Amino acid sequence: MRSLIDIQDLSPAEIDELIQTANDIIENPKKYAEVCRGKKLATLFFEPSTRTRLSFEAAMYELGGNVLSVSSGGSSSAAKGESVADTAKTVSCYADIIAMRHPKEGAPLVASMNATIPVINAGDGGHNHPTQTLTDLLTISREKGRLDNLTVGFCGDLKFGRTVHSLISALSRYTGIKIVLISPEELTVPGYIRTDVLDKNGIDYVQTTDLMSVMPELDILYMTRVQRERFFNEEDYLRLKDSYILTPDKLKSAKADLSIMHPLPRVNEIAVAIDDDPRACYFKQVFNGKIVRMALIMKLLEVHA
Ligand code: CP
């Protein structure tokens with residue numbers, strides 16, 4: 001039985017296989033319509049979500065399976081003090097696979113150690129978000145035709161941005177990757193990302209506060225939201241929230257084939273005017289998220305088309 005807690009739980013070969021399955025699902029959706037008939041996915045979300053929870057649920061329905069859902073901590077016995085471990089043991093009696101989002105870093109790992117069914121980390125605090133990374137890798141693969149030899153700029157809240165941490169970790173296993181980290185001084189990536197991921201894997205990277213100075217070299221610009229919910233005081237959030245706002249004039253120096261990505265939700269960091277730019281990929285990411293989660297559910301349940 002396999003769980004997915006960290007993107008490193010999957011080898012690059014397994015990620016390639018998931019991308020191939022996802023591409024086949026897009027081409028031949030009817031082939032997959034019954035593969036999870038009789039199976040149940042439990043979505044346990046103790047933190048708000050639109051895309052991740054609904055895409056997991058849509059994915060399971062499109063595979064012919066069913067869904068049980070806890071959509072907020074307040075609506076489950078977690079509100080009465082039940083532990084993550086007991087919740088995982090309980091839900092193992094009702095479902096075949098769990099997707100869990102939790103504000104505490106490591107909670108999905110604890111769930112996986114106590115569940116008797118696969119557990120998928122659907123985002124834990126400011127730590128990791130491996131299925132967003134699968135979404136991002138599928139999107140990059142479909143947009144660029146490759147996952148190597150790319151200059152990728154991450155812009156915004158790189159300190160608390162779990163999607164950033166997971167995607168940097170995934171990209172560090174491909175050749176010819178250059179990472180450009182663009183953030184205010186207060187929101188740089190955590191030290192362990194620099195030492196244990198970038199330095200350890202010999203990845204070429206730079207840090208800057210100036211988006212415009214690096215724009216011309218980027219193949220991918222991965223924008224992120226400054227996350228109000230992770231700040232300890234409102235004053236800091238208000239000071240930093242509009243550090244980077246991407247507008248059409250700022251794209252004048254960008255490559256013609258730049259891919260503009262964002263895990264969403266967006267607040268103010270990408271002007272709506274950019275949505276019609278052919279380089280905007282963030283709503284393609286939303287679609288790809290459902291498809292790659294279908295491929296992942298199949299892999300962890302060991303079902304085949
Ligand atoms: N990208 C993402 O995790 O979105 P949600 O918070 O809406 O699930």
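Just so you know, ligand 1 is whichever comes first in the structure, and atom 1 is the first atom listed for that ligand. If you're wondering where the values come from, they're calculated on a predicted model, not measured in any experiment.
Distance from atom 6 (O) of ligand 1 to its nearest protein heavy atom, with residue and atom name: Arg101 NH1, 2.9 Å. Regarding atom 4 (O) of ligand 1, its nearest protein heavy-atom neighbour is Arg51 NE, 3.1 Å.
At a 3.5 angstrom cut-off on N or O pairs, Arg53 does not count as close to ligand 1.
For ligand 1, the atoms lying closer than 4.0 Å to a non-hydrogen atom of Thr52 are 2 (C), 3 (O), 4 (O), 5 (P), 8 (O). Against a heavy-atom cut-off of under 4.0 Å, Thr50 is close to the following atoms of ligand 1: 5 (P), 7 (O), 8 (O).
Thr131 pairs by the side-chain hydrogen bond (donor to acceptor under 3.5 Å, both in side chains) definition with Arg293, not counting sequence neighbours.
What you find for Asp157 and Arg225 is that their closest heavy atoms are CB-O, 3.4 Å. Scanning all heavy atoms of the two residues, the minimum distance from Ser169 to Ile7 falls at OG-CG2, 3.7 Å.
Side-chain atoms of His165 come within 3.5 Å of backbone atoms of Lys159 as a donor-acceptor pair (strictly under, hydrogens ignored). Of the possible polar contacts, one joining the Asn233 side chain to the Asp236 backbone as a donor-acceptor pair under 3.5 Å is found.
Under a 4.0 angstrom heavy-atom cut-off, Gln285 registers as lying outside contact with ligand 1.
Counting heavy atoms closer than 4.0 Å to ligand 1, residue Leu264 contributes backbone atoms (N, CA, C, O) but none from C-beta onward.
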